[in-house]
Amino acid sequence: MTTDLDKKWTFFAQFCLCLAVGLSVASVMSGFGTRWQWWGFRAGLSVLRWAAFGEIAMAVISLSCIFLPVARSSGKARVLLLAALVMSLAAASVPVRMWMIVRSVPMIHDITTDTDNPPQFDAILKLRKNALNPVAYGGQEIAGQQHKAYPDITPLVLSLSPAQAFERSLITAKNLGWKIVSRNEKKGLIEATDTTFWFGFTDDIVIRISPQDNGSRIDLRSLSRVGKSDVGTNAKRIREFLKALKNS
């Protein structure tokens, strides 16, 4: 027999599940709303942060209530609370993982394979008029942080002529989905942009191909337009390019 108390607990469990779903939707839309320019990236990050706090709180509440005697006696309430718990944990895991990455990487957003003489942007400068981050390289302070966090980010030397390396680099960039802004084989420069899937952050990339011994040296630089930390995105992008180019 269903008692009034069972009905109240079922209603409470339904409320918890609805709130968990709503917070999950808010988490997802924090990024896509930024990408679709419904609000600025700072507002999107704030929505994500507060939605994560809400999901964590909902997970604690759901977990606590599942073990209450009254919840155990109501099978429907217990199932709903379990669903709210799973939904909350799943939704909170993404921003929590992002926070952990931010804590583990330096607060930099400009990564290059050559910190002594970084590849320079040219054609892409006109696209960075509203960029919050400067295009000028930060010098030894930034270089030191990069070397400590990403010691594997180094130039790639191939036994290809500069012309062959240029063409292969261009094909690799296109295969990775980068938007080519400029290609100058005479200067050995390829400029491109890459946009992150969720928040739609646009990062700028320059590839420099130069002759070295009997082959070619490939250097990259990946620079975010906004944000103090890139959450490791630029280093990951450079690694993916160099690996794809080396294996091509």
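Counting from 1, the numbers follow the sequence of the chain as shown.
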*Y137 and F121 aromatic centres sub-6.0 Å*: no
*Among Q146, R221, H147, Q140, which one satisfies side chain to side chain donor-acceptor pair (under 3.5 Å) with T115?*
H147
_Whether the S222 and R237 side chains hold a donor-acceptor pair (N or O, under 3.5 Å, no angle test) is what I'd like checked._
yes
*With side chains defined as the heavy atoms from C-beta onward, is the minimum distance between F11 and K8 less than 4.5 Å?*
no
*Short question: side chain of S62, backbone of A59 - any donor-acceptor pair under 3.5 Å?*
no
*When rounded to the nearest 0.5 angstrom, what distance separates CD1 in I218 from CG in L158?*
4.0 Å
*Any luck finding a side-chain donor-acceptor pair between D219 and T113 under 3.5 Å?*
yes
*asked:* Can you confirm whether more than 12 heavy atoms, excluding those of N247, are under 6.0 Å from its CG atom?
replied: yes
*asked:* Please check this pair: side chain of S182 against backbone of E191, looking for a donor-acceptor N/O pair closer than 3.5 Å.
replied: no
*asked:* Looking at N130, I want to see if its CG is surrounded by more than 12 non-hydrogen atoms of other residues, nucleotides or ligands under 6.0 Å.
replied: no
*May I ask you to decide if the ring planes of W178 and F241 are parallel, tilted or perpendicular, using 30° and 60° as cut-offs?*
parallel
*C16 versus L81: any side-chain heavy-atom pair under 4.5 Å?*
yes
*For the residue pair F201 and F199, does the interplanar ring angle fall in the parallel (under 30°), tilted (30 to 60°) or perpendicular (over 60°) class?*
parallel
_Donor-acceptor under 3.5 Å (N133 side chain, G227 main chain)_ = yes
*Quick one: are R183 and L170 in side-chain contact, heavy atoms under 4.5 Å?*
yes
_Salt bridge check, K179 against D194: does any charged N sit closer than 4.0 Å to a carboxylate O?_
no
*asked:* Using the rule given for ring-ring contact (aromatic ring centres under 6.0 Å, His included), can you reason through W38 versus F32, listing the C-alpha separation, both sets of side-chain angles and the distance that settles it, and then say yes or no?
replied: CA-CA 9 Å; W38 290 357; F32 287 120; 9.6 Å; no
*Tell me, with the steps shown, if T34 and W39 meet side chain to side chain donor-acceptor pair (under 3.5 Å).*
CA-CA 5 Å; T34 302; W39 46 66; 3.2 Å; yes
*Could you walk me through whether R225 and D203 pass the salt bridge (charged side-chain N to carboxylate O under 4.0 Å, His left out) test, one step at a time?*
CA-CA 6 Å; R225 295 185 184 181; D203 299 332; over 6 Å; no
*Linking I/L/V/M/F/W/Y whenever any side-chain heavy atoms sit under 4.5 Å apart, do V28 and W50 land together?*
no
*Without swapping roles, check the side chain of S161 against the backbone of Q164 for a donor-acceptor pair under 3.5 Å.*
yes
